[in-house]
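Here the structure comes first, spelled out in structure tokens, and everything after it is commentary.
Each chain gets a letter, A, B and so on, in the order the sequences are listed, and its residues count up from 1. The basis for the numbers below is simple: all heavy atoms, side chains too, and nothing from hydrogens, waters or symmetry mates.
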Amino acid sequence: MSYAEAQKKSVLWDWLTTVDHKKIGIMYLAAGAFFFTIGGIMALLMRAQLMFPNSSLIPAQTFNEILTMHGTIMIFLAAMPLLFGFMNYIVPLQIGARDVAFPFLNSLGFWLFLFGGIFVNLSWFLGGAPDAGWTSYVPLASHYSGIGLDFFVLGLQISGLGTLIGGINFLVTIINMRAPGMSMMRMPLFTWNTFVASILILFAFPALTVGYLLLMMDRIFGSNFFVVEMGGNVVIWQHLFWIFGHPEVYILALPAFGIFSEIIPTFSKKRIFGYTAMVFATMLIGFYGFMVWAHHMFTVGLGPVANSVFAIATMAIAVPTGIKIFNWLLTMWGGRIKMTTAMLCAAMFIPTFVMGGVTGVMLAVSAADYQFHDTYFVVAHFHYVIVGATVLGLFGGAFYWWPRMFGYTLNEKLGKAFIILFLIGFHLTFFVQHFLGLYGMPRRVASYLPGQGWDGMNLVSSSGAIFMAAGFLLFIINIFVSMKNKETTGDPWDGRTLEWTIPSPTPEYNFAQTPLVRDYDAFWYEKYQGDGKIKAAEPLGDIHMPNGSILPIIISFGLFVMAFGLVYHTWIVAGAGLLIVFGAMFVRSVKEDHGYHIPVEEITKDKGGK
Amino acid sequence: MAENHTVEQHSLPPNPEKATLEGKNKYMGFWFFLGGEVVLFASLFGTYLGLRNSTAGGPGPSDLFHLDLVFIMTMLLLTSSLTSVFAIISMKRGNYKGLLAWMWVTVLLGLGFLGFEIYEFWDYTVNYELGFTTSAFSSAFYTLVGTHGAHVTFGIGWIIVLLIRYAKTGLTLTNAPKFYTATLYWHFIDVVWVFIFTVVYLMGIGG
Amino acid sequence: MADHGMDPSAPLTGEPSKNTKRKLRKEVKTQIIGFVLALFLTSISFISIASDAIPASFAIPFIFMLAVIQVVLQLYIFMHLNDRGNAWPNAMIWSAVVVAIPSVAALMLLLGITKW
Amino acid sequence: MKYLWRLLPLSFILLMAGCGQQNLSALDPRGPVAEEQFSLIMLSLYIMIFVMVVVFSIYVFVLIRFRERPGDTHIPKQVHGNRTLEIVWTVIPILLLLALAVPNVMTTFTLADVEPTDDSLEVEVTAHQFWWEFEYPEYGIVAGQDMYIPTNTRININLEASDVIHSFWVPALAGKQDNVPGITNYMWFEAPEEGVYIGKCAELCGEAHWLMDFRVIAVDPDTFDTWASNMAAEDAGEMQEDAGEVAVQGREVFEQSCIQCHAVGDEGGNIGPNLTNFSEREVIAGFLEYDEDNENLRAFIRDSQSVKPGNGMDVAFPEDQISDEEMDALIEYLNGLSVLDEE
């Protein structure tokens, strides 16, 4: 394909076939935001049901389906894709690269995630959603649940494959595609956190793949992994799930930490405090993430030695996390803190996350966990952690990088109103849940009887949810209201890292010339030690770009078809789906595709605009 | 990373699989993928080890496994690892025909291995009445060894596609990394088999 | 990226450098030694199970150790994990092993049947 | 907005003042196990409050002291880090965690020590979708839903499950352990005071998970002995002496329609809860009140699925199967089933 041909594609075809990391990032954000909204509506439905005791608004079965899908959607289809959106868009820009290492696989990863996500959600219309919780403990999930679990297990398998591909892509991108001069220890912290999170993805998702494989085998092919009468063991599932599931928590948290590590220095006008310590703390958290999973299983009956070992290992995570918190505080110390909305998110993250963190240590106390486990205390804890870190990180990142990604700045007043409303709602909703748990309220209950001392706090909790929803609405409104605030400088926040050296809107080749990095915080260094312009590592020339491809959609569609065949035990359909997959892979492997070049004249034309 | 692109078009670099950025990316990405596969197989091994005594009254490891068959399979796979090494050495020598020939030998050895494995599964199913659904042990056994077998099958298919696609092109900077990663995959299959014959078969017979 | 105009699908021709040739000759030797070692380790494993003279309590850890040695051997000889430029793959494979070991141990032991 | 800020501290005070419903709250422990867990909870809470106070003080100070003031354009000093500080905030948390880890390990082992003693009582708890079965192997008796225990006696519990995973939790007496199919779990607790303690299933186990409550009823050892020996002696066929004609008729209905699944005394199936001491239950089916004219019980027997959806009793008894009159008799019979008030 030539440059001229590449320009001629229709908008729709362009987005369907794109391998541009920026467009894929935006698609991740859009799809993630869609699922986030759905998951949020489910949360509201649940809080509506639990607002009053003995409520019959939602039947118990439906409630179980909603609670399962809320967790599943929020973790797999909202939080991770939204983070992937930022990683995709920002990481190549931060390391001074034109694209990711595997543009084709990047696109494949996105479409796999989307088709998998759609597949899981189709269960609503085809016989009922999964109802065994996002953890889907067997045998409830294997032999006591309906067809929804088939959709669950296959859909998440497909989207998990996409995540794994994405993880490998980020790893190779970060290792191989850094601009000259950017050593590992000069990388921005968001990139570092993405790197460690990607390692976690690489090692955590295969365990989940095996877990889902076994569950699928039991449900669809009649194997006996979890059939006790045939010698199966149901604890195997819990191990496999949590070997994945605990690192997953850090897969969600680390990129958010990375976002805060960009926002806080930028708006404090100060270099991050203890960069090296931050990097090693990140790696340590990643390592511990794999060594503590059984703290989700304290009550399963592994025995006191196992419980003690995992309890102590879990407590140890508090140390590197504490290091990070103090480093953020000390970064702000002595700085000049400009309280933009992004910074407000980062500032509110610290107390919220610390509260989630300390309850985490409390949960690590194994003997006390016998009281906490599976109660609303746990619900409160992980919402403090996930909303406190991941969701605030996502919102902070959105306000911070919005001008970079969409060429306009979000309204600050509306933004602050949104975040304050959202946080008031959040603490109202979840703070009381700590006490609900200690007062004896188990989690995942479809309703509760009156007179158990829970009524008042559930009412408070449900009212809080309304504030959160109202806040989120303000955010959506902000997106549309702010469209007129065009951003043309490319560097609205006096940024420190390479992504702010690019003109706005971001050209498709990112950097006209590959930048030369001379220090950590490369842009800041040039601003205050150099002439404010980033040095180029190469002469201006034609830029090589990869061709788009429709094959990722076809491969994902093939797996989608295959999954249908498996759910309905129609092997011919499953076979046909597999044939589509291998056919498309065959085409990909046989067709050599060397991309096209953007001529230097086009690039100078763009540069003139700056 | 820029210096590799100054490579003359007609010269033969010492490591043609890593001579371009694409090749380097592919090489490294594939290694990382193998890292993920380590965890995948570890999970399957763990499951098998957890369930290997759960025969639910059906046949167990010591009733089933035959050392001679496993030994032959092991030798086939081990030798195929060596032939794929020779294929890469031929590639680096600029002997493209040698590369193709050694790869074909690898494929044949792989097919031999696969044939024995299919025979083995057939034997267990028919003569020992060990179906996939007989017991937790049988499910775990077939899933672990079957996943390895599926990897062998995929590897054979992959190499054959490469051999046919590039039968006439000669060695290029695009196909060198493809051949190289295929042999990495093949070695990895061998590495997993070392654990399978030890943990599943030998430990199964030995106690 | 000044690779404009270079066609990656053009066949590579010519001979490798003298240095490379010498290295490759040594490489063949290394690989054959590696193969023979692998054969040796495998045979010992099979023999120690096949022969009744060796008690299982010794044979099981012994063959497991042989398997570990053989795998390390294959990783470093056949797969060149130690080559220059392979630091990241090397680190990543061993990280995977670090994750894999507790996982396998837990799936073997911590199944709730024996309380630890 | 202002109103809200005033509401926040108010609700906090309300939370701290109460400890939740008596005999249902982990913050109001009624036995040694729950007390030990409560003290661990409080220890960890104090340490964590200390951590929070430190962090929040620095945090508030920083945000106020270093905020951007109008017209301020200075560029702050670009500090790289501080080795001493970093060591301090690595070491102090480690010490704090050690202070928490040591008592935790000790308690974890104490709670896992389930060796039977001379006077300990063993109870085998089997969880079903969605009810509880309590077997007393030393007495050869089986009870459903209500778990009678003697006070001041160590109760050793073996936990099992017949279908999916459940979790046995009596917050006021002890933390939970899971009932896992194929595995036996062990725990123990002790109740020094007489009382009725509410128990819950804590693990999502299906549609009626939220209604899977049970009661632990601690009575003095003498009463317990009476209860247990009467449970054991209960002879299904034999009606109580004061039983009226109606109850006898009710027994017939029971034998026709119920006995396949429910046992009374030594006779009957074990698919549903044992009903030997039915009239002494605190609640029906784990959650329904006993009302004056037995409407709840009647509705449950007629069509239990509409009252407790998803429960295992998937037969309905409309009027063409059990007439109104027969239903009254059955209820009369059931309400006469007791073991404690016999003497």
Side-chain angles (χ1 to χ4, degrees), chain A residues 60-61 64 133 137 139-140 144 228 233-234 269-271 273-274 277 299-301 304 307-308 311-312 315 318-319 322-323 325-326 329 332-338 347 350-351 354 358 361-362 365-368 370-371 373-374 424 435 438-440 442 444-449 452-453 460, chain D residues 4 11 15 20-21 24-27 37 40-41 44 48 51-52 55-56 58-59 62-63 66-68 72 75-76 78-79 81 86 89-90 93-94 97 100-101 104-105 107-109 111-112 164-165 167 171 175-178 180-183 185 200 202-208 210 287 309:
Chain A
Q61 176 60 29
N64 287 352
Y137 275 13
L140 180 63
Y144 291 82
V228 171
N233 186 304
V234 299
K269 294 248 175 295
K270 231 181 119 232
R271 184 192 158 102
F273 187 91
T299 65
V300 175
N307 281 2
S308 301
I312 292 171
M315 290 179 192
V319 178
I323 291 175
I325 297 280
F326 284 113
L329 287 176
M332 295 193 279
W333 188 293
R336 169 156 67 87
I337 302 170
K338 188 175 163 71
I350 290 177
V354 166
V358 296
V361 178
M362 292 173 74
V365 182
S366 48
Y370 301 157
Q371 288 286 17
H373 183 73
D374 264 337
I424 289 174
F435 293 89
L438 291 168
Y439 292 177
R444 292 170 166 174
V445 285
S447 182
Y448 53 94
L449 298 169
Q452 302 189 88
V460 172
Chain D
L4 252 174
S11 58
L15 287 171
Q21 172 90 350
L24 173 59
S25 169
L27 296 183
Q37 288 168 332
L40 267 180
I41 293 175
S44 59
M48 292 306 132
V51 171
M52 280 166 64
V55 173
F56 288 4
I58 302 176
Y59 171 77
V62 166
L63 281 191
F66 299 107
R67 70 183 191 280
E68 185 177 69
D72 183 1
I75 298 296
Q78 305 292 308
V79 186
E86 284 169 41
W89 66 54
T90 309
I94 291 177
L97 290 173
L100 194 54
N104 173 44
V105 171
T107 311
T108 303
F109 277 88
L111 297 189
V164 302
I165 300 178
S167 192
K176 61 193 76 63
Q177 287 287 306
D178 292 352
V180 186
I183 289 166
N185 280 332
K200 303 247 164 212
E203 179 71 54
L204 177 62
C205 56
E207 199 175 353
W210 71 285
F287 73 106

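Proximity to chain D (any heavy atom under 4.5 Å) is restricted, for A:Y144, to the side chain, taken from C-beta onward. With a 4.5 Å cut-off on non-hydrogen atoms, D:N185 touches chain A through its side chain but not through its backbone. Heavy atoms closer than 4.5 Å to chain D are found in both the backbone and the side chain of A:V300. Residue D:V55 touches chain A through both its backbone and its side chain, counting heavy-atom pairs closer than 4.5 Å. Of the two parts of A:I312, only the side chain, counted from C-beta on, holds a non-hydrogen atom closer than 4.5 Å to a non-hydrogen atom of chain D. For chain D, the nearby parts of A:F273 are the backbone and the side chain; heavy atoms of each come within less than 4.5 Å. Contact of D:E86 with chain A is made through the side chain alone, with heavy-atom distances under 4.5 Å. At a 4.5 Å heavy-atom cutoff, the contact between D:K176 and chain A is made by backbone and side-chain atoms alike. In this structure, the portions of A:V445 lying under 4.5 Å from any heavy atom of chain D include both its backbone and its side chain.
A donor-acceptor pair under 3.5 Å is formed between the side chain of D:N104 and the backbone N or O of A:A367.
Each of A:A368, A:G133, A:A318, A:S308 has some count of heavy-atom pairs under 4.5 Å with chain D, and the biggest count is that of A:S308.
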Are D:F56 and A:I350 close enough, and set up right, to give a side-chain contact (heavy atoms from CB on, under 4.5 Å), and what steps lead you there?
-> CA-CA 9 Å; D:F56 288 4; A:I350 290 177; 5.8 Å; no
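You'll find the side chain of D:T107 stays beyond 4.5 Å of the side chain of A:V365, heavy atoms only.
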